[in-house]
Structures are given as structure tokens and as C-alpha cells.
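Report on one structure; see the data block that follows.
One-based numbering, in listed order, for ligands and for the atoms of each. Remember, it's a predicted structure, so these values are computed and weren't measured experimentally.
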Amino acid sequence: MRIILAPMEGLADVHLRRLITAQGGFDWVVSEFIRVLDHTYPDKVFYSICPELLQGGHTASGTPVRVQLLGNHIEAMASNARRAVELGSHGLDINFGCPSKTVNRHRGGAVLLKEPETLYEVVRAVRDALPKSVVVSAKMRLGFDDTALMLDNAAAIEAAGADELTVHARTRLQGYAPPAHWEELGRIREHIRIPLIANGDIWSVDDYHRCVAAAGTADIMLGRGAVRLPTLARQIRANQPMETPWSSIGILLNSFWQEISVALTPKDCVGRVKQWVNYLRQIHPEAEALWRAIREERSAQNVNALLAAIVQ
Ligand SMILES: Cc1cc2nc3c(=O)[nH]c(=O)nc-3n(C[C@H](O)[C@H](O)[C@H](O)COP(=O)(O)O)c2cc1C
């Protein structure tokens, strides 16, 4: 079993990655994507998206971080992949799943699922740019509008030399609407030999079991499930749901607040905490009350007081 913390642009930044991986259970984490155009980025771009590169490519709790690139420019994908790895990325991930209209309009992310040969070229270029010992992985959805090219896409990624494939079990058209189609992952599993990492809508230990049974792989990637329940990976490893007292979530929230307070503007800090509490309230009843109190709040001082009150 391998458990990976998913890339989540604008949500799982360096701060949340540190807190969630510190709860234990994760083998590695994938960074938010770096959108590659036609040139090699200066180092500061890699450091700003993935500050863990400044500390050996690990989160503060020691979990390896893998940089994710998004784009279709063969030479630039190769050169940026090389640079990311030189700077300390543990492997290199390629994003073929992003549903953003802007990104797709520029032929990046999920739109490339219409072109298996482009997937092949991009993966091949990145593979050839890196030493054999460096893991190259790709992340895709089931397709763009439908699953017609799903198996061709997976096969193209494997044939190009990827070491692992993560699949978010929805098409681009399906967005994030439940359910995730884990049974489609089972079809991919039978079609490729490289490890398959199943992703999408794993919110509990029970979901884990149902997902692996359908997908035929024990390797999973957790996204929003780990944001609303940071101990989810640990629970899955222990094969046991566990109580998560609100006070322990309160400690995490306060730790998050302290950390972002020195890194972000007060306005951004308030926004980030609201974003996380909005996820937490899906399963923690106490978070609903906190959400009602901070939903309209703009003052960082007041948010600070509300968070401090949880742990008093
Ligand atoms: C806010 C947000 C940002 C995301 N950003 C990325 C990203 O940068 N790269 C990527 O490959 N997937 C991204 N995803 C997709 C997730 O990695 C994951 O595939 C998806 O959320 C389904 O998994 P889950 O149900 O466990 O959350 C993002 C998802 C969310 C909700």
C-alpha cells in the first residue's frame, strides 16, 4: 500500500502540506502544478511553488515532495523537469488532469487527453531528460468528454516510459461531481503493467476498501479527504476509523494560522483559514459553528481570537 497526498493548487500549499503530512501515513506528496510555457523557469519559481526544495525536497515532517509540471512544450517540459530534479524534487509528476478552461485553452492539462500521441511525446521528453533512477509519474482523468480514449491514454503514458500512473476516476466533463468511477480504474489496471494509483472521493477507511476492490490496486492518492480529515492516511494504514477530537483539529488550525500569519497578508490568512474550515465543517460538527462565526469575518485579529478560543 502506498498513500500519496494529492496536488491541490490554491489549497494544499506548503503550509497545509506540512500539517497534513505531519499526521503520518503518507509516502510522498505532489506539489501544486507549475505551468510550463516555452522556457525554463528561474529557480525562484520552483522555490515559490515548492518551498520544500529549500529543505531537501521534504516537508518538515520528512515526507518527500514531488514537483508537478503542466504543459505541452516538449523542450520546456524536459528542461523544467531537469531543473526541478536538480533542485531536489523526488521524482517528477506530469499533470494531464487539470480541468481549468484557461489552462485547457492553452493545450494544457485535461485537454491533452484528446491526444494520446501528445501525452506520449510529453512523457517521453521528460523521461529522456531525467536519469533512469528518477521516478517519472503522470496524473490523468478518465478522459475529456468521455472515456473513449482512456485505455489509449494510459497505454501511451506507459509506452513513453512513465514509472507510475495516477488516475482521478472522473472525466473532465464530470468535474468533481460524485460518484468517482473506481470501476473504470479496474479496466486501466488490466491494461497497463506500471503501478496504478487510484484517486477520487476516498473520504474514509471504508471508501478505501471499496476503491481498492474496484480498482485492483492498493495504491491511492488522497486529496480533499485528507483536507477535511488530516489523519485519514493514518486511519487507512491502521485499517481503523478513529475519533478525531475537535481540540486536536483546533491545535492544527492554530498552528496553520501561526505559520501563515508570518508568510501571507492578513487578508489572505483570513481567506485561507475560511477555505480550510469550509472543508472541516463537512465532518466536524464544531467546525460548522466556527464557520458561521468566521464566514463574514474580515479582521485577522478576530479570526485569531476565534481560533485561540478552540484550544483554551
Ligand atoms: C482545490 C483543488 C486544486 C487542485 N489542484 C490540482 C493540481 O494542481 N494538480 C493536479 O494534478 N490535480 C489537482 N487537483 C485534483 C486533485 O489532485 C484530485 O485529483 C481530486 O481532488 C480528486 O481527489 P479527491 O476526491 O481525493 O479530492 C485539485 C483539486 C482541488 C479540489
(request) Please state whether G97 comes within less than 4.0 angstrom of ligand 1, counting heavy atoms only. (result) no
(message) Using a 4.0 Å cut-off to any heavy atom of A6, which atoms of ligand 1 qualify?
(response) 17 (O)
(message) Geometry only, no angles: is N199 polar-contacting ligand 1 at N/O separations under 3.5 Å?
(response) yes
(message) Please evaluate residues D145 and R172 with respect to the criterion salt bridge (charged side-chain N to carboxylate O under 4.0 Å, His left out), reporting the C-alpha separation (whole Å), side-chain torsions for both, the decisive distance (0.1 Å), and the verdict.
(response) CA-CA 6 Å; D145 293 321; R172 153 72 166 73; over 6 Å; no
(message) Under 3.5 Å between any N/O of W203 and any N/O of ligand 1: does that happen in this structure?
(response) no
(message) Going by salt bridge (Lys or Arg N to Asp or Glu O under 4.0 Å), name the residues that satisfy it together with R281, two or more places apart in sequence or in a different chain.
(response) E288
(request) Ignoring hydrogens and angles, state whether a donor on the side chain of W291 or N278 is under 3.5 Å from an acceptor on the partner side chain. (result) no
(request) Return the residue, atom name and 0.1 Å-rounded distance of the protein heavy atom closest to atom 8 (O) of ligand 1. (result) F33 CD2, 3.1 Å
(request) Could you tell me whether some N/O pair between S31 and ligand 1 is separated by less than 3.5 angstrom? (result) no
(message) Are H90 and H58 an aromatic pair, judged by ring center distance below 6.0 Å?
(response) yes
(request) Would you check whether M221 has a nitrogen or oxygen atom less than 3.5 angstrom from a nitrogen or oxygen atom of ligand 1? (result) no
(request) Work out which heavy atom in G175 is nearest to a heavy atom in R170; give both atom names and the distance. (result) O-CD, 3.2 Å
(request) Check each heavy atom of K139 against ligand 1 and say whether those closer than 4.0 Å belong to the side chain, the backbone, both or neither. (result) side chain
(message) Assess whether a salt bridge exists between E184 and R187, defined as any Lys/Arg side-chain N lying under 4.0 Å from an Asp/Glu carboxylate O.
(response) yes
(message) Regarding R18 and S255, do their side chains bring together a donor and an acceptor under 3.5 Å, going by distance alone?
(response) yes
(request) Would you mind listing every ring pair (Phe, Tyr, Trp, His ring centres under 6.0 Å) that reaches into residues 103-161, with sequence neighbours excluded? (result) none
(request) Heavy-atom contacts with N95 under 4.0 Å: which atoms of ligand 1 show up? List them by number with element. (result) 9 (N), 10 (C), 11 (O)
(request) Classify the contact between R224 and ligand 1 as side chain, backbone, both or neither, using a heavy-atom distance cut-off of under 4.0 Å. (result) both
(message) We want to know whether R66 and S137 form a side-chain donor-acceptor pair, criterion being a heavy-atom distance below 3.5 angstrom.
(response) yes
(message) Would Y279 count as being in polar contact with ligand 1, using the rule that some N or O on each side must be under 3.5 angstrom apart?
(response) no
(request) Starting from atom 26 (O) of ligand 1, locate the nearest protein heavy atom and write down its residue, its atom name and how far away it is, to 0.1 Å. (result) G223 N, 2.9 Å
(request) Quick one: look up the protein heavy atom nearest atom 1 (C) of ligand 1 and list residue, atom name and how far away it is. (result) E9 O, 3.7 Å
(request) Could you tell me whether E164 and R2 have a side-chain N and a carboxylate O separated by less than 4.0 Å? (result) yes
(request) Give the residue, atom name and distance (to 0.1 Å) of the protein heavy atom nearest atom 29 (C) of ligand 1. (result) Y176 OH, 3.2 Å
(message) Can you confirm, on distance only, whether ligand 1 has an N/O atom lying under 3.5 Å from any N/O atom belonging to Q68?
(response) yes
(request) Could you tell me whether some N/O pair between P7 and ligand 1 is separated by less than 3.5 angstrom? (result) yes
